[in-house]
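As structure tokens, the structure follows; a few thoughts come after it.
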Amino acid sequence: MAAEGDISPREAEVLELLGSHLSNAEIAAKLFISVRTVESHVSSMLRKLGVPDRRALALRAAVDRPRQEPVPLPAPLTSFVGRARERVELSEMITTHRQVTAIGPGGVGKTRLALTVAAEVAGQYADGVWFADLIPVTDSGMIATAVAGALGLGEQPGRDLTESVLAALADRQALLVVDNCEHVVDGMARFLERLLAACPRVSVLATSQARLMVPFERVYQVPPLSLAGESDAVALFMERAAAAGGPLDPPQHDQITAICARLDGMALAIELAAARYPTLGLDGITSALSHPLRMLTGGSRADQRHRSVRAVLDWSHALLEPADQELLHLVSIFVAPFTASAAAEVAGSEMGVVADGLARLAEQSLLAVTASPKGTSYRALETIRQYGTERLSEAGELAGARARHLRWCLTQAVGLAADRPDWRARFDAVADDLRAALMWAAGEPEQRADACRLARHLAELTFTRHLVGEAQQRYEQASALADDPAAAASMLRRAAAVAGCRMRGDDMYRLYRAAARLAGGTAAAADLATAAIATYRFDTQFEQVPEPAEVVALITEARELAGDDPSARAMVALAEAGRALTEAFGSPGGTARETVALVESAVALARHAGDPLGESAALDTLTVAQSWAGDTFASAATARRRITLLSSVPDSPAKTHELIDALAASMESSLGAGDLPNARRWARQLADHPLLAEVGHRATAWLLVADALAGDAGDVLAASTRFLDAWRRAGSPARAGLGPPAAAVAMIHGLRDDHAARGEWSAILRRLDTSPWQTHGYGAVFDAILLLHRGQAEEAMERMAPEPGEARIPWIWLHWYAALRCEAAVLAGLPDARDRLAGTRAVVAGNPLAEAIVERAESFLGQDQKRLLATADVFEAAGCRYQVARTMVLAGGEQAERGAAALADLGLAPMAPAPMTSER
């Protein structure tokens with residue numbers, strides 16, 4: 001066999017061209033020799049090199065000649081950020097399949113992802129990675145030209161460039177990256193089919209806004225940048241902002257996340273927004289995003305499309321047929337995912353035609369598609385949506401499309417009012433469109449009536465959905481849009497009731513007065529009286545309670561307007577009773593019996609008027625009057641009566657407001673009467689009420705009190721976290737009504753010997769309430785429980801120095817105060833302890849828990865262990881586990897050990913040993 005050195009120079013030239021898979025005619029043309037001469041050289045080399053055929057010669061040439069290097073991948077000018085999961089997924093897909101198309105809307109980051117992944121997998125391909133960009137290609141016939149240019153191939157006589165590409169890659173193991181295929185999809189599909197068939201060791205990674213629609217294609221949907229957790233979107237924004245000369249120090253993560261969310265996680269949009277950070281700042285970017293297509297422009301870029309988001313969308317839009325362009329414009333009206341039927345209604349076209357068009361738009365990555373068992377929905381990204389509405393406006397078709405969208409929204413809102421199990425999910429699906437339609441219609445005079453209807457429906461729906469802040473806003477909006485003053489006043493009353501549910505006393509007062517101005521006559525009388533009543537019933541919910549003279553003036557005006565109308569007269573009577581009760585509280589000379597009788601008269605008037613909500617308000621005032629008169633158990637019965645009354649009233653914001661207040665009143669009255677199980681039940685309903693979600697500190701307040709008295713430290717500690725978080729979110733308001741829960745939590749920390757935590761909560765308590773209620777009411781009760789637990793009976797007596805009849809102790813705490821004071825006297829060994837027992841029994845008669853504490857004290861004094869332990873059954877029945885454990889410790893002996901174990905189970909510190917009494 002001849003050595004390769006025996007081959008002549010001319011034969012070597014022929015051999016090299018054979019390695020490029022040229023035909024004899026092509027070689028002859030290239031070397032300016034005859035075809036017969038080429039054939040002679042080929043025969044000679046077959047003999048000299050001892051190879052069997054022409055193909056073997058070509059392989060020998062490919063091995064021996066220096067390997068042609070691929071055109072290098074484009075070098076990124078900026079770092080690649082994030083996308084760890086996507087890189088892994090796309091790499092695995094390329095390894096498994098020979099043709100992968102990475103698809104997604106313009107600007108999502110397809111090219112950067114493809115280039116990064118190609119660089120990472122390049123080592124798996126012996127002949128490397130080749131890159132071809134199809135942006136310059138104007139028709140399908142030029143695809144081969146672009147790929148040939150990437151391979152370094154020129155035109156060859158007698159052979160088209162497709163054949164040259166196939167010949168050059170026939171025996172190569174390579175990855176071909178073909179970027180931006182969306183405008184030549186059909187030609188690309190044909191080209192790839194030939195390429196992959198002729199070149200078995202070549203794989204292709206294409207990027208496109210649309211699928212290539214070939215059987216061997218594997219599609220990878222490139223998602224927007226992640227917004228959750230370790231957000232890729234935020235990381236990209238921060239890096240590009242820093243590169244633009246504006247590092248974020250310290251990083252404002254939440255605000256950046258909100259900006260990236262507005263941009264749907266689109267990489268190009270985020271980069272362009274971040275580039276504006278040095279000049280606009282985060283606040284400026286947020287404001288500018290109301291018109292993102294104007295704001296999201298950048299400097300010079302190699303690819304003209306990527307100089308702005310608008311340019312990217314112009315490119316994508318130009319690829320559509322006119323009918324699909326029009327459909328894209330129309331569906332841009334929707335701000336939330338929509339169905340094909342909804343699009344057909346807004347487009348005013350046949351369902352089948354619209355469904356086909358939506359499918360084509362989705363194939364072009366201009367719509368995102370979500371399939372579920374309930375059907376298929378579509379969504380346009382925000383920048384695409386605004387682009388479409390701009391096009392509608394330019395064509396003079398925006399108002400018509402919005403009007404059709406408004407009609408569709410009204411139909412949806414009416415349908416949502418039906419009671420169906422899935423209504424909540426259905427509302428969430430269309431809520432943003434209802435809001436958008438209302439925003440537009442409210443500013444269009446000819447749409448005012450429909451805007452009013454939609455605002456009312458949206459108010460009802462958001463209230464049912466427990467979005468109470470928005471519900472109040474929508475009722476006020478409906479009132480402002482209403483042409484009829486009576487209808488406008490009705491909407492304001494509902495807004496006031498929602499404000500009541502939100503515990504916004506100032507808003508209640510303002511809205512009822514506004515309703516009175518619109519209503520006039522007897523309706524105005526009821527509104528004015530209700531505004532006055534709110535200042536008495538809900539004074540702790542006001543930022544600033546109106547001056548008494550102002551409230552009296554309202555009542556006077558209401559009385560003059562009421563005439564003979566039963567409902568108006570009932571509300572005026574209740575307002576006068578509330579005024580009398582308030583004045584009686586502040587005057588030692590007030591007559592309790594007369595005040596109770598006055599309130600009972602108001603209750604009767606409301607019942608006679610057939611106004612259950614007015615009657616509920618009157619019963620609430622009666623509960624307070626009875627408790628002030630010292631009739632604790634009548635007060636508790638009235639509170640329960642109120643809940644029974646409301647159970648048959650149809651649902652409405654006003655009914656819900658009354659029910660929330662009734663639950664609180666029932667909880668307080670049950671606590672004052674010693675009915676701890678019911679007190680905890682009402683408190684739990686309050687804590688779990690969905691309408692109180694935005695005021696979690698108020699929702700959990702009484703549950704903390706009840707659970708603390710029961711001694712359930714774990715429940716108290718858990719709920720206290722919610723209380724504290726909500727209180728701080730609300731601006732840490734100084735409200736006396738929030739004092740009891742703070743004192744309760746401080747006591748629990750004291751019982752656990754957590755001095756630091758107790759100190760923190762005691763400081764919160766001092767900020768919340770320094771009133772006599774804290775000094776001689778709940779504050780004394782919780783302090784006494786802790787002092788007695790520590791064996792400091794003398795200190796407990798000092799804390800409760802005033803006699804129950806001397807101090808103005810709130811009725812809720814009177815029995816607790818008296819019973820604990822009696823026990824402290826016994827444990828302190830006071831000489832008159834036995835005399836105190838009899839007097840205290842008279843005060844707490846009928847209150848099972850207070851009576852049990854007094855009975856236990858008397859049994860302890862008389863050294864009657866059996867009688868003392870019997871009180872544990874009362875505490876057990878009431879769920880008062882702390883007092884059960886305390887009873888066992890006071891019993892001494894083996895029972896004390898069991899009591900200590902029970903305290904430990906509750907998470908509480910050991911109790912001080914029981915002292916010896918003088919009678920032992």
Side-chain angles (χ1 to χ4, degrees), residues 540 683 687 696-802 809-810 812-813 816-817 820-821 823-824 827-828 881-883 885-886 889 900 903-913:
T540 62
H697 50 304
R698 291 184 178 274
T700 55
W702 282 111
L703 182 62
L704 285 168
V705 171
D707 284 348
L709 289 172
D712 288 338
D715 290 344
V716 171
L717 296 180
S720 68
T721 300
R722 178 185 172 192
F723 174 92
L724 194 58
D725 288 346
W727 177 65
R728 286 171 174 163
R729 284 198 305 271
S732 304
R735 295 278 191 275
L738 299 177
V745 177
M747 180 198 74
I748 287 295
H749 284 300
L751 293 175
R752 299 176 68 246
D753 273 353
D754 189 338
H755 303 295
R758 172 170 168 76
E760 292 173 5
W761 280 89
S762 296
I764 292 172
L765 174 59
R766 288 191 295 273
R767 180 173 177 179
L768 291 171
D769 190 11
T770 57
S771 68
W773 286 57
Q774 195 274 116
T775 305
H776 300 300
Y778 66 86
V781 167
F782 287 121
D783 285 349
I785 291 174
L786 177 58
L787 290 168
L788 291 173
H789 181 88
R790 292 174 173 174
Q792 298 172 300
E794 292 84 356
E795 289 84 347
M797 282 301 301
E798 292 176 9
R799 182 67 179 84
M800 298 184 292
I809 299 172
I812 300 173
W813 303 104
W816 290 92
Y817 182 96
L820 290 167
R821 190 171 186 275
E823 182 170 79
L827 294 176
R881 297 167 63 197
Y882 170 73
Q883 293 297 345
R886 177 170 174 77
V889 173
L903 288 172
D905 288 342
L906 290 171
L908 304 178
M911 197 176 96

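When a residue number appears, it is its place in the shown sequence, counting from 1.
Asp769 is not listed as a side-chain neighbour of Leu738, based on a closest heavy-atom distance of 4.5 Å or more. Within the 4.5 Å cutoff, the side chain of Val705 has no heavy atoms near those of the Tyr778 side chain.
When every heavy atom of Trp727 is checked against every heavy atom of Leu768, the shortest pair comes out as NE1-CD2, 3.7 Å. Between Tyr817 and Ala780, the shortest heavy-atom distance links the atoms CE1-CB, 3.8 Å. Smallest separation of non-hydrogen atoms from Pro910 and His789: O-NE2, 3.4 Å. Closest of all the heavy-atom pairs between Ile748 and Ala713 is CG2-CB, 3.9 Å.
To the nearest 0.5 Å, atom CG of residue Leu724 and atom CG of residue Leu704 are 10.5 Å apart. Distance check: Arg752 CZ to Leu717 CG gives 5.0 Å after rounding to the nearest 0.5 Å.
Checked against the 6.0 Å centroid criterion, the rings of Trp816 and Phe782 do not qualify as a close aromatic pair.
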**Message:** Under the criterion side chain to side chain contact (heavy atoms under 4.5 Å, CB included), I'd like the reasoning laid out for Val781 against Met800: C-alpha separation, chi angles, the key distance, then a yes or no.
**Reply:** CA-CA 8 Å; Val781 167; Met800 298 184 292; 5.9 Å; no
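Taking the six-membered ring for Trp and thresholds of 30 and 60 degrees, Phe723 and His697 have ring planes more than 60 degrees apart, a perpendicular arrangement.
Ion pair Arg758/Asp783 flagged as a salt bridge, since at least one NZ, NE, NH1 or NH2 atom sits closer than 4.0 Å to an Asp/Glu carboxylate oxygen.
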